[in-house]
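Single-structure report; data block below.
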Amino acid sequence: MPGWSWCHNATNSCKGRLWVIWNPKSISFTVIESIAQIIHGQVKIVHSNKEFQFTAVYGLHTVQDRKDMWSSLRNIEKQIKGAWLMMGDFNAVLEVDDRMNGREMQDHETKDFRELLEDCSLTELPTIGKSYTWTNSHVFSRIDRAIVNDQWITSMPLVQAHVMESLFSDHSPISIEVEDYCDSKKRPFKFYNCMVDH
């Protein structure tokens, strides 16, 4: 990806596993905070000057290890003044339907995540595509999400998160299209004579 920019959180923590990669011709991204389970920053869309806060998330594997992440997200939320999008692997389920096979879901697995969403008035973007975002070929779980705040819903276009096919990972990538960029170059008018005969 020549010409693209990137940042990661591996230098801040031995548990860092996040990369944020962007095309500076379309987007500028300014890192505000980079810690073990989070990279948080300001996004500006070059063509429209729209701005929003973005947080990339990789939750660690145990309920106890994720407590720092929930606390950090609460602190970030207190400082947000506009639209906010969080995406990534939260490593936590919210509903009974978020896991198929595997061990029975316990209340302590969902409690912290659910409280964060309720206390900070956050909501998950509707999804299309695959129902589960992670699998080991036996257990299927929905642990990767795109989550937004109220300001996102009122100021940004309605979008859906597209859960795509996983090609080389046990996780399915999630994609959202924040803005349609139309090429404004004038194109020559073309008329094909065969259309008259059709």
Side-chain angles (χ1 to χ4, degrees), residues 1-92 94 112-125 127 133 143-163 171 173-181:
M1 297 161 67
W4 286 49
S5 300
W6 54 271
C7 64
H8 62 81
N9 68 342
T11 53
N12 301 343
S13 168
C14 61
K15 296 180 180 181
R17 293 172 171 87
L18 285 167
W19 289 70
V20 176
I21 303 169
W22 66 96
N23 181 349
K25 292 178 182 172
S26 302
I27 288 174
S28 72
F29 181 70
T30 305
V31 177
I32 296 171
E33 184 172 3
S34 178
I35 55 178
Q37 301 177 73
I38 293 168
I39 295 176
H40 175 73
Q42 180 77 25
V43 172
K44 184 174 181 181
I45 301 172
V46 173
H47 303 293
S48 68
N49 287 330
K50 281 186 183 170
E51 293 188 32
F52 61 91
Q53 304 264 328
F54 173 73
T55 306
V57 175
Y58 178 82
L60 294 175
H61 295 283
T62 69
V63 171
Q64 190 60 41
D65 285 342
R66 287 191 297 272
K67 289 199 179 288
D68 286 343
M69 179 181 73
W70 306 128
S71 176
S72 296
L73 290 172
R74 286 176 187 279
N75 290 336
I76 289 170
E77 188 273 335
K78 289 175 188 170
Q79 299 166 26
I80 298 284
K81 300 218 177 351
W84 183 26
L85 168 66
M86 279 189 285
M87 289 179 73
D89 175 6
F90 290 85
N91 246 321
L94 279 171
D112 293 334
F113 198 3
R114 187 174 307 286
E115 286 178 357
L116 174 81
L117 296 182
E118 290 171 6
D119 296 346
C120 298
S121 298
L122 300 169
T123 187
E124 183 177 7
L125 285 175
T127 59
T133 63
I143 55 178
D144 303 84
R145 300 177 187 272
I147 294 173
V148 295
N149 66 354
D150 291 344
Q151 289 86 351
W152 176 280
I153 293 169
T154 58
S155 66
M156 298 297 283
L158 291 173
V159 295
Q160 296 176 318
H162 183 195
V163 181
H171 287 266
I174 297 178
S175 169
I176 67 164
E177 190 170 313
V178 175
E179 183 174 83
D180 287 331
Y181 173 64

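In this chain, numbering begins with 1 at the start of the sequence shown. These figures come from a predicted structure and were not determined experimentally.
- Every residue two or more places apart in sequence or in another chain was checked for a side chain to side chain donor-acceptor pair (under 3.5 Å) with Q160, and none qualifies.
- Taking CD1 of I143 as the start and CZ of F113 as the end, the distance is 10.5 Å to the nearest 0.5 Å.
- Residues passing the ring-ring contact (aromatic ring centres under 6.0 Å, His included) test with W19 are W6, H8, sequence neighbours excluded.
- Interatomic distance, CE of M156 versus CZ of F52, reported as 5.0 Å (0.5 Å rounding).
- Remark: D119 engages R74 in a salt bridge, criterion side-chain N to carboxylate O under 4.0 Å.
- E124 contributes atom CD, which lies 4.5 Å from atom CZ of R145 (distance to the nearest 0.5 angstrom).
- For I80, the side chain to side chain contact (heavy atoms under 4.5 Å, CB included) criterion is met by H40, Q53, I76, W84, N149, not counting sequence neighbours.
- Under the side chain to side chain contact (heavy atoms under 4.5 Å, CB included) criterion, D68 pairs with Q37, not counting sequence neighbours.
- Of the possible polar contacts, none joining the R66 side chain to the G59 backbone as a donor-acceptor pair under 3.5 Å is found.
- Side-chain atoms of D89 do not come within 3.5 Å of backbone N or O of Y58 as any donor-acceptor pair.
- Remark: the backbone N or O of L18 is paired with a side-chain donor or acceptor of N9 at under 3.5 angstrom.
- Partners of Q79 by side chain to side chain contact (heavy atoms under 4.5 Å, CB included), not counting sequence neighbours: none found.
- Contacts of T123 classified as side chain to side chain contact (heavy atoms under 4.5 Å, CB included), with partners at least two apart in sequence or in another chain: V148, I153.
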Can you list the steps and then say if T127 with H162 is a side-chain contact (heavy atoms from CB on, under 4.5 Å)? CA-CA 6 Å; T127 59; H162 183 195; over 6 Å; no
